[in-house]
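Structure incoming, see below.
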Amino acid sequence: MEKAYNPTEAESTHYKRWEERGYFAPEINENPNAEAFSIVIPPPNVTGSLHMGHALQHTLMDVLTRRKRMQGYRTLFLVGVDHAGISTQLMVTRQLKKDEHKTPQDIGRETFTERVWAWKEKYGGTITNQIRREGLSVDWSRERFTMEESLSIAVRNVFVRLYEEGWIYRGTRIVNWCPRDKTVLSDLEVKEETRKDGKLYYLKYPIKDSNKKITVATTRPETMLGDTAVAVNADDERYKDLIGKTIELPLTDREIPIIADEYVDAEFGTGAVKITPAHDPNDYEVGMRHNLEKLVVMNDDATMNANAGADFEGLDRYEAREKVVEKFEELGLLERIDDYEVVLPHCERCRTVVEPLLSEQWFVNMSEMRDMALDLMQKEHAPHFYPNVPHEKVYTTWLENLKDWTISRQLWWGHQIPAWYDKAGNVYVARTKEEAIKKAGTDKLAQDSDVLDTWFSSALWAFSTLGWTGEEVQSPKSKVQSQETEQLTTDNRQPTTDLETFYPTDVLVTGRDIIFLWVSRMVMTGLKFLGEKPFKDVIIHGTVLDKNGQRMSKTKNNGIDPLDVFDKYGVDATRMTLAGSSTGADFAWRDEKVESFRNFANKIWNATRFCLMNSEGAQVDYTFLNPKAEAREIIKTLKDELREFDEEDEEFLDKVIPEFAADNPKENLSIADRWIISRLNKTALNVNKALENYQFHEAVQLLYHFFWDDFCDWYIELVKDEITSEGVNTKRDTARSRIITILEQALRLLHPFMPFLTEELWHKLPEVSHALHNCAYKNAAATIMLTDYPQGDASMIDEKAESEMQAVIELISKVRNIRAEMNIKPSDKPAIYVAANQDLQKIFRENKAQILKLARADELKISESLDAPKASARGVLSGNVEIAIPLEGLIDFEKESERLENQLTKLNTEGERLTRQLANKNFIEKAPVEKVNELRNRVAEIQQQTAALRQNLTALK
RNA sequence: GCCGACUUAGCUCAGUGGUAGAGCAUUCGCUUCACACGCGAGAGGUCAGAAGUUCAAAUCUUCUAGUCGGCACCA
């Protein structure tokens with residue numbers, strides 16, 4: 001083995017093998033009764049490439065999945081990408097322009113769509129290959145794409161059904177229009193940005209048959225060309241008598257009325273508002289109330305159209321703005337211009353300022369589905385968000401204020417809206433053109449040219465990917481499945497079976513930015529079309545920030561590419577870093593952090609290397625870890641005699657186990673063995689508990705601490721002499737087997753987090769097959785990913801062993817501490833005097849060799865009371881243990897007394913505080929008895945230690 | 001404007017009523033036969049501030065300040 005772990009090698013070999021052998025597919029689990037676990041990936045954009053957010057999210061999902069798979073669940077981690085309408089279309093359009101100097105219109109819709117598919121085939125695999133690099137155990141045989149046939153059928157069926165039920169409608173509304181992408185956007189795709197360089201223009205409008213003028217304020221003067229009224233508040237004394245009068249709208253030949261509307265706030269601006277119903281959502285409402293004309297003065301690229309007048313037609317909206325202001329100034333109608341902070345809506349994707357525009361679009365009224373989702377939350381508290389605060393509330397509040405969703409997009413790439421129009425403009429919504437023709441009674445039909453919002457198909461992701469098409473009645477497993485339905489299933493991969501098995505999915509892991517865009521919509525469609533929520537739990541992970549706590553962004557160019565991190569530190573170290581961040585909280589990326597996990601990986605590598613250097617005669621011997629398991633093994637082999645023995649019959653086992661007591665390996669275990677077994681089981685229990693609660697960072701901490709501190713720093717060191725001893729003997733082989741077995745268990749515990757390293761090392765272990773009984777998978781011998789995940793056994797926690805070991809550790813640490821403080825050279829091996837009670841004396845005697853080695857001492861003198869030479873450095877330990885290290889000729893009396901004084905001061909401070917607390921009558925009366933006793937015991941110990949230290953001090957002088 | 005989160009060691013962060021923790025950085029000492037991506041031993045915090053509840057508060061309540069986020073926005 002190499003001296004250091006080289007991640008590249010392991011990463012390049014194992015994934016391929018896992019994938020080729022089908023380990024990721026749920027079918028690898030042949031147990032027909034296995035419980036299912038499923039998780040769908042939030043589909044990345046087909047145009048996208050991996051960023052830190054993905055890496056975090058993917059790591060969490062893979063940790064959950066790999067653990068469940070090891071636990072014997074029939075596990076599906078479903079992967080796929082979405083077609084990303086706008087981005088993909090833009091990308092291909094750009095390429096077309098660059099390569100052929102053509103526009104999509106030049107080549108036509110059909111050819112363009114073909115080009116996009118070709119682009120997808122060629123470049124769409126970027127992110128999926130990066131997903132392989134991450135080591136995700138996703139089932140590639142079920143990879144999905146939102147534009148593929150089966151998912152498209154689902155989209156059409158959902159559209160048709162919602163239309164037929166009256167939830168989808170076509171209407172003319174003010175929508176968010178992106179003049180660059182030339183498409184409508186939903187509210188959620190619009191990002192508001194505050195601009196400090198805005199202006200507020202005060203324009204004077206002349207009143208007809210009068211020399212009076214009325215001043216309106218606006219941030220967008222160019223829209224005045226589309227004004228169809230000026231509104232004031234009816235209660236505003238200033239304007240009361242102007243209501244009903246007519247304005248001669250400057251720069252146009254139009255006359256518009258002054259109307260009264262409660263929308264107008266008399267306190268703001270001039271108290272008079274220009275009304276442009278076709279270019280402002282609020283004005284639109286006012287226009288509707290007063291039956292005003294809705295005059296559109298802009299084209300779809302935000303240039304002015306003919307309605308704006310000959311002077312302005314063709315001008316860009318900002319040019320028009322300047323010109324309008326100029327003309328007002330010339331006419332003496334510009335009152336003034338104020339600096340004004342404006343909030344402008346921007347297209348989330350291209351950052352163009354969104355134009356509110358009156359246009360005809362398709363909408364979904366979500367009220368029915370919304371009520372279903374709210375009802376579910378109220379009744380079942382589902383889906384359950386992690387962390388629950390604040391996401392549940394944000395989710396609920398958003399649903400409560402839900403507005404209609406604009407679903408049409410003026411693009412060519414996407415699911416074309418299944419609506420057809422006849423010559424008279426009548427609309428026929430149908431699953432296919434044939435069906436539309438039948439409905440219309442004519443084949444002279446044109447399909448709606450728009451496509452659906454990408455999120456419309458993403459909203460179905462949790463079940464469309466499992467084969468749900470909506471063709472016929474299909475239900476998840478919890479619903480009764482009729483014979484007929486199964487026969488009617490058309491998909492060739494038995495989709496209903498996947499749907500039955502894996503819906504609802506167990507958990508969704510995603511970022512908070514798409515709680516509304518995606519999570520809530522999936523809940524709503526899931527409830528509506530499947531009658532059941534699409535997932536039980538939703539984990540909302542945090543944002544990975546840069547090292548200064550800033551959001552990563554292209555404009556700031558402060559992004560960290562996960563692939564660079566993989567190259568530099570390895571995938572496993574990166575995964576540990578990401579999983580080790582607190583669930584749900586944002587965290588600043590630090591290279592130092594991933595470096596420490598790179599070091600951890602290397603530590604694991606080297607610990608294994610050490611074990612393997614001394615592995616001759618060793619075998620993985622799972623049974624010594626757990627006598628109960630061993631009994632179970634033996635009983636199994638005696639199955640015939642025992643006949644109907646139930647393996648889970650714990651009561652019976654408890655009776656039988658003592659029968660095996662004579663051979664109970666526990667009797668042969670050293671304190672160190674019992675201690676590490678206890679620590680292992682405690683760690684396993686806690687890691688599982690942490691993961692059940694999605695406390696990934698807790699699990700990471702536990703594993704890190706167990707492996708490095710417990711296993712490497714203490715266990716390996718304690719048994720080192722034994723396993724490296726020369727010559728073949730049973731004692732040596734037993735010790736070797738034990739350490740390998742503990743290591744093997746630790747690797748399994750680590751596997752969901754560090755799949756590559758653990759797989760690489762696991763294959764190097766001798767006779768791993770010995771450890772594989774009880775595994776759910778017959779292929780388990782070939783990979784650690786199909787071995788049992790150690791669940792931990794509470795009965796194997798040995799508190800006595802832990803406290804005994806603690807005494808040994810404390811003793812060794814104290815000696816080391818004295819050595820360091822007294823500047824004893826590493827080569828000097830003094831004697832150690834220890835005074836302790838009978839029990840501890842026994843422990844120290846049993847571990848004498850290890851204490852001498854780890855404390856670098858020559859001699860260990862254990863007795864009831866300390867009888868060390870005067871010239872000794874001394875210390876007190878818990879359990880009333882005292883130690884002394886003779887330093888004849890070496891000791892610096894002044895330094896030693898200073899050291900002892902320091903210890904005394906510390907003890908005094910603590911003692912005083914505790915005594916004060918114990919003197920408090922209220923504390924004695926109200927605090928729990930255990931707490932009071934705990935303090936009393938501690939005070940007693942402090943008193944003893946103080947007395948001992950005082951004596952030591954006196955002896956020095 | 002409304003809602004929420006956060007503020008703990010130099011840095012990044014754990015820690016939901018009972019003596020403050022980790023990693024990195026830092027100090028001292030180590031070519032100890034797995035690992036210098038290492039080993040051993042230290043130093044370092046009035047837990048943002050104030051008030052309250054409690055025998056007991058980093059932890060619960062209220063207020064203040066700062067940071068960040070979500071939602072809604074008046075032309």
TODO: Let me see the working for A:Asn388 and A:Glu392 under side chain to side chain donor-acceptor pair (under 3.5 Å), right down to the final yes or no.
DONE: CA-CA 6 Å; A:Asn388 201 250; A:Glu392 184 179 304; 3.0 Å; yes
- [ ] Assess A:Arg336 against A:Tyr202: is NZ or CZ under 6.0 Å from the centre of the six-membered ring, and within 45 degrees of the ring's axis?
- [x] yes
Task: Nearest-angstrom distance, P atom, B:rC60 to B:rG1 - done: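 Between the two P atoms, the distance is 27 Å.
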- [ ] Just say parallel, tilted or perpendicular for the rings of A:Phe328 and A:Tyr205, cut-offs at 30° and 60°.
- [x] tilted
- [ ] Describe the nucleic acid contact of A:Glu717 in one word from base, sugar-phosphate, nothing, applying a heavy-atom distance below 4.0 Å.
- [x] base
- [ ] Return the orientation label for the A:Phe707 and A:Phe600 ring planes: parallel under 30°, perpendicular over 60°, tilted otherwise.
- [x] perpendicular
Task: P gap between B:rC39 and B:rU32, integer Å - done: 13 Å
Task: Paired nucleotide for B:rC11 [Watson-Crick or G-U wobble; both distances under 3.5 Å] - done: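 Checking every strand shown, B:rC11 finds its partner in B:rG23, with both distances under 3.5 Å.
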Task: Distance in angstrom units between A:Lys3 NZ and B:rA34 P, rounded - done: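 Between P of B:rA34 and NZ of A:Lys3: 11 Å.
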- [ ] Give the rounded distance in Å between these two atoms: CG of A:Asn920 and P of B:rU54.
- [x] 14 Å
TODO: Please determine, for B:rC35, whether a Watson-Crick or G-U wobble partner exists with both distances under 3.5 Å, and give it or none.
DONE: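 The answer is none; no pair meets the criterion.
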Heteroatom pairs (N/O) under 3.5 angstrom, protein to nucleotides 11-18 of chain B:
| from | atom 1 | to | atom 2 | distance (Å) |
| --- | --- | --- | --- | --- |
| B:rC11 | O2' | A:Arg590 | NH1 | 2.9 |
| B:rC13 | OP1 | A:Ala588 | N | 2.9 |
| B:rA14 | OP1 | A:Ser582 | OG | 3.2 |
| B:rG18 | O2' | A:Lys931 | NZ | 2.8 |

TODO: Using the C1' atoms only, state how far B:rC35 lies from B:rU27, rounded to an integer number of Å.
DONE: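 My reading of the C1' atoms in B:rU27 and B:rC35 gives 23 Å.
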Open item on the list: Measure CZ/A:Arg856 against C1'/B:rG29 and give the value in whole Å, please.
Closed with: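 Spelled out: CZ on A:Arg856 to C1' on B:rG29 is 12 Å.
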TODO: Establish whether the base of B:rA34 is bridged to the side chain of A:Glu2 by a donor-acceptor pair shorter than 3.5 Å.
DONE: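 Under the 3.5 Å cut-off, the side chain and the base do not form any donor-acceptor pair.
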Task: Parallel, tilted or perpendicular: ring planes of A:Trp589 versus A:Phe587, cut at 30 and 60 degrees - done: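 Aromatic pair A:Trp589/A:Phe587 classed tilted.
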Task: Short side-chain donor-acceptor distance under 3.5 Å, A:Lys274 and A:Thr223 - done: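 A:Lys274 and A:Thr223 do have a side-chain donor-acceptor pair below 3.5 Å.
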Task: Pairwise C1' distance, B:rA48 and B:rU59 [rounded to whole Å] - done: 16 Å
- [ ] Determine the minimum heavy-atom distance between A:Ala855 and A:Ile812, stating which atoms define it.
- [x]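 Here A:Ala855 and A:Ile812 meet closest at N-CG2, 4.2 Å.
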Open item on the list: Strictly by Watson-Crick or wobble contacts shorter than 3.5 Å, is anything paired with B:rC60, and which nucleotide is it?
Closed with: B:rG52
Task: Minimum heavy-atom distance between A:Phe385 and A:Met377, given as atom pair plus value - done: CE1-CE, 4.1 Å
- [ ] Please state how far atom CZ in A:Arg819 lies from atom P in B:rU32, giving the value in whole angstrom units.
- [x]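 Distance, rounded to whole Å: 14 Å.
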TODO: Could you work out the separation of B:rG4 and B:rC47 based on their P atoms and round it to a whole Å?
DONE: 26 Å
- [ ] Select base, sugar-phosphate, or nothing to describe what A:Lys853 touches, counting heavy atoms under 4.0 Å on all strands.
- [x] nothing
Open item on the list: Quick check for you: to the nearest 0.5 Å, what is the distance between A:Asp283 atom CG and A:Thr228 atom OG1?
Closed with: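 One gets 8.0 Å once the value is rounded to the nearest 0.5 Å.
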Task: Rounded interatomic separation in angstrom, taking OH from A:Tyr395 and C1' from B:rC3 - done: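 Checked: the OH to C1' distance equals 19 Å.
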- [ ] Determine the minimum heavy-atom distance between A:Arg874 and A:Gln903, stating which atoms define it.
- [x] O-NE2, 4.2 Å
- [ ] Using Watson-Crick or G-U wobble geometry with both distances below 3.5 Å, tell me the partner of B:rA43, or none.
- [x]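 Result: none.
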- [ ] Return the nucleotide paired to B:rG69: Watson-Crick means purine N1 to pyrimidine N3 with N6-O4 or O6-N4, wobble means G-U with N1-O2 and O6-N3, both under 3.5 Å.
- [x]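 Partner of B:rG69: B:rC3.
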Task: Pairwise P distance, B:rA36 and B:rA22 [rounded to whole Å] - done: 24 Å
Open item on the list: From NZ of A:Lys829 over to P of B:rU32, roughly how many Å is that when rounded to an integer?
Closed with: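 After rounding, the reported distance stands at 12 Å.
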TODO: Considering only atom C1', compute the distance from B:rC30 to B:rG17 and round it to an integer number of Å.
DONE: 44 Å
- [ ] If a protein heavy atom is under 4.0 Å from the base, mark B; if only from the sugar-phosphate, S; if neither, -; do that for nucleotides 69-75 of chain B going 5' to 3'.
- [x] -S--BBB
TODO: Sticking with atom C1', work out how far B:rA50 lies from B:rA14, rounded to a whole angstrom.
DONE: 27 Å
Open item on the list: I'd like to know if A:Arg938 pairs up with A:Glu910 as an ion pair, taking the criterion as any Lys NZ or Arg NE/NH1/NH2 lying under 4.0 Å from an Asp or Glu carboxylate oxygen.
Closed with: yes
- [ ] If a protein heavy atom is under 4.0 Å from the base, mark B; if only from the sugar-phosphate, S; if neither, -; do that for nucleotides 37-44 of chain B going 5' to 3'.
- [x] BSSSSSS-
- [ ] Measure the acute angle between the ring planes of A:Phe597 and A:Tyr704, then classify it against the limits of 30° and 60° as parallel, tilted or perpendicular.
- [x]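 Perpendicular: the ring planes of A:Phe597 and A:Tyr704 meet at over 60°.
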Open item on the list: Output the rounded distance in Å from CG (A:Leu612) to P (B:rC35).
Closed with: 14 Å
- [ ] Hey, could you give me the CD1/CG distance between A:Ile742 and A:Asp710, rounded to the nearest 0.5 Å?
- [x] 11.0 Å
Open item on the list: Can you measure A:Glu400 atom CD to B:rC2 atom C1' for me and round it to whole angstrom units?
Closed with: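 Whole-Å distance recorded here is 14 Å.
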Open item on the list: Under 4.0 Å, counting only non-hydrogen atoms across every strand here, what does A:Lys393 touch: a base, just sugar-phosphate, or nothing?
Closed with: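 It contacts sugar-phosphate atoms only.
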- [ ] Report the base-pairing partner of B:rA75 (Watson-Crick or G-U wobble, both distances below 3.5 angstrom), or none.
- [x] none
TODO: Report the C-alpha distance between A:Asn233 and A:Tyr239 in whole Å, list the side-chain angles of each, state the deciding distance to 0.1 Å, and finish with yes or no for side chain to side chain donor-acceptor pair (under 3.5 Å).
DONE: CA-CA 8 Å; A:Asn233 193 299; A:Tyr239 302 121; over 6 Å; no
